[in-house]
Amino acid sequence: MEFKVSREFIHQLEELIVKKNDNELEVLLNDLHHADIAEILEELDFDEATYIFKVLDSDKTAEILLELEEDLRENILSRLSPKEIAEELDELETNDAADIIAELSQEIKAEVISEMVDVEHAKDIVELLRYDENTAGGLMRKELVKVNENWNVLTCVKEMRIQAENVSRVHSIYVVDDENRLKGRFSLKDLLTSSTKTQIGEVYIRKLNFVNVDTEDVEVARIMQKYDLEAIPVVDELGRLVGRITIDDIVDVIKEEADKDYQLAAGITQDIETNDSVLELTKARLPWLLIGMVIEIVASFVLKDNETAFQKYSTLIIFVPLLSATAGNIGVQASAIVVQGLANGTLKEFSKSYFSKEITVSMISGSIISLLLLAYHSLMYGQYLVGIAISISMIVVIMFAATLGTLVPLFLHKNKIDPAIATGPFITTTNDVFGIMLYFGVAKMILGF
């Protein structure tokens, strides 16, 4: 059952902190999941959160650190000595420890590493810090279970027992040669059913998916998603096994990428959080608002140049907002589907078959909307020729919007620019200018003004 933080519970904690009743604090919190405790700490002020953090054991607080918001974690770490931080990191797996230590200053980082009790653990963390955080090397953990292809099953079991002490969950048993080059994997079923004298080289599975240390995190996520993997091994440039990436690490990558794309689609140019400062939020949101303003000013000039048409055919101006909104919606829908296809790998580049399908869908949608618009205009205003001009203009604008929405994300993707940017203000504002130009261009040809 999910734990819910209540105001009464927070008040009870605050009273115990004031009384410095550490025993009751431990009793109250020790049975809670570390994610729940992190949520509780977020409700307290920095001093209270730090006090509770120091009361609990390292095996508990180490996991709590990972769940905290960055600002609170930074504040708590600043109030811990290098030795206390080292005690926390000794309890964590290498990738999690590396993520936390990367947030420290260079001076504190060196002190913390020197204070760590487990020297091998410290070496592994230092090695992980060499990799870019957005690569497989930056994501991987060093803890894994591996066996040599020349061992027999009995030796394999003995060695696995030793290695498994440092691994929280065994997803796969990896097989390597004498040079530590990845050769394949060994299934638990074969381990249980094979004779103890059987050589691993005779029964291991040679086909397996793996990634290089320099593989981008989003590509790792795509591979694991495609093949439904719980973990994937990581090799260096020489093919040597250096770590593994588990599904929980990839879930974080997928979430971060989704958040980033959602913000880009909304015209937010930087990665921001709700607790960021007013200045940071403004800097992230203002650029596209200014670009949109400039583009809409251009659209206003197009409207100004057609003042004569408004005087003669007043209903033309009435339907401009409808035209802009419809074109914007069509463009965003088209681009969103393309961006989704690029993200999940179902669409890798320009496809004539998909493009023709999108154009067909837009033609059908545009025709239905235009016929309804023609019927409405005829009933309300009785100007049939003007209604026909508006309806035909609507079809043309919808076709243009669909074409733009389909091709722009593909163009951006080809030029290594995140195509998610094409699903928001870029499409809607661009459609406004060109849509209005097309609208009056078609109307002018039909009505002759």
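Values reported hereafter were calculated over all heavy atoms of this structure, with side chains retained and with hydrogens, waters and symmetry mates removed. Bear in mind that the values here come from a model prediction, so they are computed numbers and not experimental data.
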Within a reach of under 6.0 Å around [atom1] of [X], are more than 12 heavy atoms found that belong to other residues, nucleotides or ligands?
X	atom1	value
E74	CD	no
E127	CD	yes
D248	CG	yes

Quick one: are [X] and [Y] in side-chain contact, heavy atoms under 4.5 Å?
X	Y	result
L25	Y51	yes
I37	L56	yes
I85	L104	yes
V235	V242	no
I223	V220	no
L238	E179	no
M399	I359	yes
E48	D45	yes

For L68, what residues pass the side chain to side chain contact (heavy atoms under 4.5 Å, CB included) criterion, not counting sequence neighbours? A38, L41, E42, I64, L65, L72, R73, I76
By side chain to side chain contact (heavy atoms under 4.5 Å, CB included), D190 pairs with (sequence neighbours left out) F186, S187, T193, S194
Can you name the closest pair of heavy atoms from [X] and [Y] and give their distance?
X	Y	result
A389	S393	O-OG, 2.7 Å
D90	M116	OD1-CE, 3.4 Å
A334	A402	CB-O, 3.9 Å
P82	E111	CG-OE1, 3.4 Å
G138	D99	O-OD1, 4.4 Å
A35	E67	CA-CG, 4.0 Å

Got a sec, which residues hit ring pair (Phe, Tyr, Trp, His ring centres under 6.0 Å) with [X], two or more places apart in sequence or on another chain?
X	result
Y384	none
Y354	none
F434	F400
Y381	H377

If only atom types and distance count, is the side chain of [X] paired as donor or acceptor with the main-chain N or O of [Y] below 3.5 Å?
X	Y	answer
K60	H34	no
E216	T135	no
H121	E91	no
K142	I125	no
N415	F411	yes
D177	N180	yes
S78	N75	yes

Listed partners of [X] passing salt bridge (charged side-chain N to carboxylate O under 4.0 Å, His left out), at least two apart:
X	result
R244	none
D228	none
E133	none
D252	none

Determine, stepwise, if the pair K54 / E84 fulfils side-chain contact (heavy atoms from CB on, under 4.5 Å). CA-CA 9 Å; K54 291 191 174 186; E84 287 174 320; 4.2 Å; yes
Rounded to the nearest 0.5 Å, what separates atom [atom1] in [X] from atom [atom2] in [Y]?
X	Y	atom1	atom2	value
I17	D47	CD1	CG	9.5 Å
S362	Q333	OG	CD	8.5 Å
E358	T403	CD	OG1	8.5 Å
Y204	R185	OH	CZ	12.5 Å
I250	L229	CD1	CG	10.0 Å
I369	I364	CD1	CD1	12.0 Å

Report the C-alpha separation of D236 and N212 in whole Å, then their side-chain angles, then the decisive distance to 0.1 Å, and conclude whether the side-chain contact (heavy atoms from CB on, under 4.5 Å) test is met. CA-CA 6 Å; D236 64 11; N212 190 274; 5.9 Å; no
Test L89 against V112 for side-chain contact (heavy atoms from CB on, under 4.5 Å), laying out the working first. CA-CA 9 Å; L89 300 187; V112 169; 3.6 Å; yes
Please evaluate residues I101 and L129 with respect to the criterion side-chain contact (heavy atoms from CB on, under 4.5 Å), reporting the C-alpha separation (whole Å), side-chain torsions for both, the decisive distance (0.1 Å), and the verdict. CA-CA 9 Å; I101 205 168; L129 291 172; 3.6 Å; yes
What side-chain donor-acceptor pairs closer than 3.5 Å can you find for residues 3-10, not counting sequence neighbours?
| from | atom 1 | to | atom 2 | distance (Å) |
| --- | --- | --- | --- | --- |
| S6 | OG | F9 | N | 3.1 |

Testing the 3.5 Å rule here: is there a donor-acceptor pair between the side chains of E230 and T246? no
Under the criterion side chain to side chain contact (heavy atoms under 4.5 Å, CB included), which of V211, L241, L144, I245 is the partner of P233? L241
Among T94, D96, D124, D249, which one satisfies side chain to side chain donor-acceptor pair (under 3.5 Å) with R141? D249
With a cut-off of 3.5 Å and sequence neighbours excluded, list every side-chain donor-acceptor pair involving residues 319-327.
| from | atom 1 | to | atom 2 | distance (Å) |
| --- | --- | --- | --- | --- |
| S324 | OG | V320 | O | 3.2 |
| S324 | OG | D432 | OD1 | 3.4 |
| T326 | OG1 | L322 | O | 2.8 |

